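Notes follow the structure.
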Amino acid sequence: MKGLKALKYTDGGVTAPSGFSASGVHCGVKRGSSLLKLDLALIFSETECTAAGVFTRNSVKAAPVLLDMDRLKSGKARAIIANSGNANACAPGAYEAAELMACAAASSLGISPSSVLVASTGVIGQALNTEAILSGIEPLVKNLGKNSSDAADAIMTTDTFRKETAAEFSLSGGTARIGAICKGSGMIHPNMGTLLCFITTDAAISADMLSRALRVAVNASFNRVSVDGDTSTNDSCIILASGLCGSPEITAEDDDYKIFVGALTQVCVRLARMIAGDGEGATHLITCRVSGASTDKDAETLAMSVIKSPLTKTAIFGADANVGRVLCAIGYSGAFLRPDMVDIIFTSENGSVIVCEKGLCLAFDETLAKNVLEAWEVVIDIRAGDGPGSCECWGCDLTYDYVRINGDYRS
């Protein structure tokens, strides 16, 4: 992006930008669970923020998604309260429960309920344990501070590690920061990921420009991730902008806007890679890079087809350099393709091996190929021709543990 130098990553997650605090507590959302994991999170701004969100395209939407979509029409918000352990979706009284969460948080914070957004993640179809959530509001507000990691832990479900990041960058009027936390491990597929992602920034930007920037960033990051082909009912990516960094407000697609979009996209890509690498049961992060396609859109379609392919995913799990799986996936992708132009290379920190040239499978060193595919991150590099289109997408392998985790998810 024009004018954007390499981001300087920093600590603090969602509390790194000026004006934000966060917390996470255990309140026992999941009935009967003996685990004392943090399960209720809060992000709060000391001032009113411009706000925007991108949500699941699944027709079956959780109550918090419907509530947030309505409230974000104003382009304003000050707080986000989120729980894990229950999706608050397709259950009796779900919308009322979401409203109750917002109202209780607003009352304790001393702000308007309309400025509180809500998110939930967990099992679909079970009534939300609002009694537990209400019991957690007071300690949640009391613990507000630089507790981004607690908030990140509180929204995790089957995630194996916390996902947070923060970065700073220069705008024309000074230094701005973006911070973020997210969760996502299973039910991950574009439109939107399957995830909860909460982003904060102290850049000054209008609601319209913030919404545009978020959609650009999401399309180049979370919408290029797939773990299992399922799109959740609860996917939400919300951004709050406090405007406290001191730079002029971004109200048009000027140089500052382009810098902001570039920074936001890089932050989201970093999180997207974390999500792909933490797919349920995953043992490999798969990166598919396509170049030489007729258009960027065709390149994206080709790359997404590869990382969605169950047969490609299982081949990577077994460290089997079965290039036929990749050729098959790009062939049915629907993108324009000349098979006789296709080269494919498997690459990792352990080396690289060319497995296909001009559409024809090559003889290769099987021992080398296996070693390449045993690395944590495996890159499938596809050169589709001599066109200008390119794209990078991310996924993971498909393992026995994925079936085990999802076979008893409600337990």
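Quick caveat: nothing in here was measured; it's all calculated off a predicted structure. Below, each value reflects all heavy atoms present in this structure, side chains not excepted, and no hydrogens, waters or symmetry copies.
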Exercise. If every non-hydrogen atom of T301 is compared with every non-hydrogen atom of S333, which pair is closest and at what distance?
Worked result: CG2-O, 3.4 Å

Exercise. Hey, are the side chains of S309 and Y332 touching, using non-hydrogen atoms and a 4.5 Å cut-off?
Worked result: yes

Exercise. Just by distance, do the side chain of R383 and the backbone of S291 share a donor-acceptor pair under 3.5 Å?
Worked result: no

Exercise. Any side-chain donor-acceptor pair under 3.5 Å between K183 and T121?
Worked result: yes

For this session: Answer yes or no: is there an ion pair linking K258 with D254, defined by an N-O contact shorter than 4.0 Å?
Result: no

Exercise. For S115, what residues pass the side-chain hydrogen bond (donor to acceptor under 3.5 Å, both in side chains) criterion, not counting sequence neighbours?
Worked result: none

Exercise. Distance-only, no hydrogens or angles: does the D159 side chain make a donor-acceptor pair with backbone N or O of T157 under 3.5 Å?
Worked result: yes

For this session: List the atom of G53, the atom of R215, and the distance in Å for their closest heavy-atom pair.
Result: O-NH2, 4.0 Å

Exercise. Is a donor on one side and an acceptor on the other found under 3.5 Å between the side chain of T10 and the backbone of A166?
Worked result: no

Problem set entry | Residue L368 excluded, over 12 heavy atoms near CG under 6.0 Å | yes

Exercise. Under 3.5 Å, is there a donor-acceptor pair between the E249 and S206 side chains?
Worked result: no

For this session: Check the angle between the aromatic planes of H284 and W376 and answer parallel, tilted or perpendicular using the 30° and 60° thresholds.
Result: parallel

Problem set entry | Between OH on residue Y9 and CD1 on residue I178, distance to nearest 0.5 Å | 9.5 Å

Problem set entry | Check: D397 side chain, T314 main-chain N or O, donor-acceptor pair, under 3.5 Å | no

For this session: Examine distances only and state if a side-chain atom of D235 and a backbone atom of L195 form a donor-acceptor pair shorter than 3.5 Å.
Result: yes

Seminar exercise, completed: Exactly one of D343, I345, L327 clears side-chain contact (heavy atoms from CB on, under 4.5 Å) with C356, and that residue is L327

Exercise. Hey, is the main chain of A94 close enough, under 3.5 Å, to the side chain of N88 for a donor-acceptor pair?
Worked result: yes

For this session: Look at the side chain of N371 and the backbone N and O of T367, then say whether any donor-acceptor pair between them is shorter than 3.5 Å.
Result: no

Problem set entry | Stacked cation flag K163 on F161, 6.0 angstrom / 45 deg | yes

Problem set entry | Side-chain heavy atoms of I259 within contact of F169, under 4.5 Å | yes

Exercise. Is D39 salt-bridged to K30, cutoff N-O under 4.0 Å?
Worked result: no

Exercise. For residues T399 and K313, is any side-chain donor paired with an opposing acceptor at under 3.5 Å?
Worked result: no

Problem set entry | E46 with R78: basic N within carboxylate O range, under 4.0 Å | no

Problem set entry | Closest approach of L337 to P339 (non-hydrogen atoms, all atoms of both residues) | O-CD, 3.4 Å

For this session: Just do the side chain to side chain contact (heavy atoms under 4.5 Å, CB included) check on V118 and E99 with the steps written out, would you?
Result: CA-CA 8 Å; V118 178; E99 288 185 313; over 6 Å; no

For this session: Starting from the C-alpha separation in whole Å, work towards a yes-or-no answer on side chain to side chain contact (heavy atoms under 4.5 Å, CB included) for F346 and D381.
Result: CA-CA 6 Å; F346 291 143; D381 187 352; over 6 Å; no

For this session: Evaluate whether atom CG of D386 has more than 12 neighbouring non-hydrogen atoms of other residues, nucleotides or ligands under 6.0 angstrom away.
Result: no

Exercise. Out of curiosity, S247 OG to D256 CG, how far, rounded to the nearest 0.5 Å?
Worked result: 6.5 Å

Problem set entry | Side-chain (S348) to main-chain (V372) donor-acceptor, under 3.5 angstrom | yes

For this session: May I ask you to establish whether R177 and F20 are in a cation-pi arrangement, using a distance under 6.0 Å from NZ or CZ to the six-membered ring centre and at most 45° from the ring axis?
Result: no

Exercise. Taking NZ, NE, NH1 and NH2 as the nitrogens, is one of them in R162 or D153 under 4.0 Å from a carboxylate oxygen of the other?
Worked result: yes

For this session: Please round to the nearest 0.5 Å and tell me the distance separating atom CG of L67 and atom CG of L117.
Result: 7.5 Å

Problem set entry | Pairing residues for A52 by the side-chain contact (heavy atoms from CB on, under 4.5 Å) criterion, not counting sequence neighbours | L210, S211, L214, I239

Exercise. Got a donor-acceptor contact below 3.5 angstrom from the S236 side chain to the N234 backbone?
Worked result: yes

Exercise. Could you state the interatomic distance from CD (E392) to CD1 (I307), rounded to the nearest 0.5 Å?
Worked result: 10.0 Å

Problem set entry | Main-chain N/O of L302 paired to S305 side chain as donor or acceptor, under 3.5 Å | no

Exercise. Which heavy-atom pair separates S148 from G12 by the least distance, and what is that distance?
Worked result: CB-O, 3.2 Å

Problem set entry | Closest contact, heavy atoms only, I205 versus T50 | O-OG1, 3.0 Å

For this session: Output the distance between atom CD1 (I382) and atom OG (S390), rounded to the nearest 0.5 Å.
Result: 13.0 Å

Exercise. Rounded to the nearest 0.5 Å, how far does CD1 of I344 lie from CD1 of I330?
Worked result: 5.0 Å

